[in-house]
Amino acid sequence: MRELSDALLAWFDQCARKLPWREQASDTRRDPYAVIVSEFMLQQTQVSTVIPYYSRFMERFPDLLTLASAEEPEVLKYWEGLGYYRRARQLLKLAKTLVSDFSGALPQDRKTLLKLPGIGEYTAGALLSFVFDLPEPAVDGNVLRVVARLDAEAYTMGDVKSQAAARERVSGLMPPERPGDFSEALIELGATICLSSSPLCHDCPMSHVCRAYQQGVVAEYPLRQKREKSPVSQMSYVLVHDGTHVFCRRRSEALLHGLYEFI
DNA sequence: GTCCGGGACC
DNA sequence: GGTCCCGGAC
């Protein structure tokens, strides 16, 4: 376990992408507000898309108080193009709630965070680990994929039980001295190395402890929801009439081919 | 053009 | 289970 987190953290120290919401003197904690804004934007969109929006948003709403006193239409204007506009509204609600009910400070426990607008299990974990350096798991799609492959465990994307199991697993992996970086490193690994298609296992710092890799079955994890796609059968007919009756004949290659139906 | 991934919430 | 939206893969 020690070996795993050491390897991942060493990789993260060397390879982490430079992102606007990570720009921080290395000895200061991350700005809670910056983490909130970036996590809300990242909930629905990829990093490269978020970057310009994040920068413009932070210029106009540089801190929690500024955002909390803004009107919804203007916030939505800065969100335009990102989609999932409910998130922008939730973010504004969250800012107002934090200011009015929490003296502008982010709660440091999961249970309280989960009651706040727009915050679910993943975002709660992300805030607790990134901002407060607490050993709280933040399991998004990236992390679920990483853990599923690491253990060759049959986790299913988007499945709440799998997410809960993955949170347990990640909790057990957390190194006590750098939980926040470890949490972020798992996400970074999923986003840049442990890709859902064509993962870059040869560059992966965990391949030596990855069960799926050792078994050569990386592509099989995680499982995907089997969507009950109702069998769509196309039918075409030929209309036949003999002057008195109209018949309908199914085309020969179709289901029940050649069958005559009386209309 | 179609399919799919991605969190929270209803 | 459905909805919100977009971008990327194919």
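In what follows, chains are A, B, ... by sequence order, proteins preceding strands, each numbered from 1. The structure displayed is predicted, hence computed values, not measured ones. Computed over heavy atoms, backbone and side chain alike; hydrogens, waters and symmetry mates excluded.
Scored by the salt bridge (Lys or Arg N to Asp or Glu O under 4.0 Å) test, D151(A) finds R169(A) as partners (sequence neighbours excluded). Every residue meeting the side-chain contact (heavy atoms from CB on, under 4.5 Å) condition with A70(A), not counting sequence neighbours, appears here in chain and number order: F61(A), V75(A). Every residue meeting the side-chain contact (heavy atoms from CB on, under 4.5 Å) condition with Q215(A), not counting sequence neighbours, appears here in chain and number order: A152(A), R211(A), V217(A).
First and last contacting nucleotides of DNA chain C toward chain A (any atom under 4.0 angstrom from a heavy atom, 5' to 3' order): dC4(C) to dG8(C).
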Find every protein N or O atom lying less than 3.5 Å from an N or O atom of nucleotides 6-10 of chain B, and list the pairs.
{"residue": "dG6(B)", "atom": "OP1", "partner": "R145(A)", "partner atom": "NH1", "Å": "3.4"}
{"residue": "dG6(B)", "atom": "N1", "partner": "Y84(A)", "partner atom": "OH", "Å": "2.7"}
{"residue": "dG6(B)", "atom": "N2", "partner": "Q44(A)", "partner atom": "O", "Å": "3.3"}
{"residue": "dG6(B)", "atom": "N2", "partner": "Y84(A)", "partner atom": "OH", "Å": "3.4"}
{"residue": "dG7(B)", "atom": "OP1", "partner": "D140(A)", "partner atom": "OD2", "Å": "3.4"}
{"residue": "dG7(B)", "atom": "OP2", "partner": "G141(A)", "partner atom": "N", "Å": "3.0"}
{"residue": "dG7(B)", "atom": "N2", "partner": "R87(A)", "partner atom": "NH2", "Å": "2.5"}
{"residue": "dG7(B)", "atom": "N3", "partner": "R87(A)", "partner atom": "NH2", "Å": "2.8"}
{"residue": "dA8(B)", "atom": "OP1", "partner": "G120(A)", "partner atom": "N", "Å": "3.0"}
{"residue": "dA8(B)", "atom": "OP1", "partner": "T123(A)", "partner atom": "N", "Å": "2.9"}
{"residue": "dA8(B)", "atom": "OP1", "partner": "T123(A)", "partner atom": "OG1", "Å": "2.4"}
{"residue": "dA8(B)", "atom": "OP2", "partner": "Y122(A)", "partner atom": "N", "Å": "3.3"}
{"residue": "dA8(B)", "atom": "O4'", "partner": "R87(A)", "partner atom": "NH1", "Å": "3.3"}
{"residue": "dA8(B)", "atom": "O4'", "partner": "R87(A)", "partner atom": "NH2", "Å": "2.8"}
{"residue": "dA8(B)", "atom": "N3", "partner": "R87(A)", "partner atom": "NH2", "Å": "3.4"}
{"residue": "dC9(B)", "atom": "OP1", "partner": "G118(A)", "partner atom": "N", "Å": "2.3"}
{"residue": "dC9(B)", "atom": "OP1", "partner": "I119(A)", "partner atom": "N", "Å": "3.4"}
{"residue": "dC9(B)", "atom": "OP2", "partner": "I119(A)", "partner atom": "O", "Å": "3.4"}

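When side chains are defined from C-beta on, T192(A) does not count as touching L200(A), because their heavy atoms never get closer than 4.5 Å.
Under the salt bridge (Lys or Arg N to Asp or Glu O under 4.0 Å) criterion, the residue pairs touching residues 9-18 of chain A are D13(A)-R178(A), R17(A)-E188(A), with sequence neighbours excluded. Each salt bridge (Lys or Arg N to Asp or Glu O under 4.0 Å) pair with one or both residues in residues 92-120 of chain A, not counting sequence neighbours, appears once here: R110(A)-E121(A), R110(A)-E136(A). Screening residues 65-80 of chain A for salt bridge (Lys or Arg N to Asp or Glu O under 4.0 Å) gives R60(A)-E74(A), E72(A)-R89(A) as the qualifying pairs, with residues at least two apart or on separate chains.
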Acceptor/donor pairs from residues 36-43 of chain A side chains to any protein atom, 3.5 angstrom cut, sequence neighbours excluded:
{"residue": "S38(A)", "atom": "OG", "partner": "A34(A)", "partner atom": "O", "Å": "2.9"}
{"residue": "S38(A)", "atom": "OG", "partner": "V35(A)", "partner atom": "O", "Å": "3.1"}
{"residue": "E39(A)", "atom": "OE1", "partner": "Y122(A)", "partner atom": "OH", "Å": "2.9"}
{"residue": "Q43(A)", "atom": "OE1", "partner": "R87(A)", "partner atom": "NE", "Å": "3.1"}
{"residue": "Q43(A)", "atom": "NE2", "partner": "G118(A)", "partner atom": "O", "Å": "3.4"}
{"residue": "Q43(A)", "atom": "NE2", "partner": "T123(A)", "partner atom": "OG1", "Å": "2.9"}

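Positionally, the nearest nucleotide of DNA chain C for Y85(A) lies more toward the 5' end than for the other of Y85(A) and S48(A).
Among the protein residues, G158(A) comes within range of no part of the nucleic acid, since none of its heavy atoms lies under 4.0 Å from any strand.
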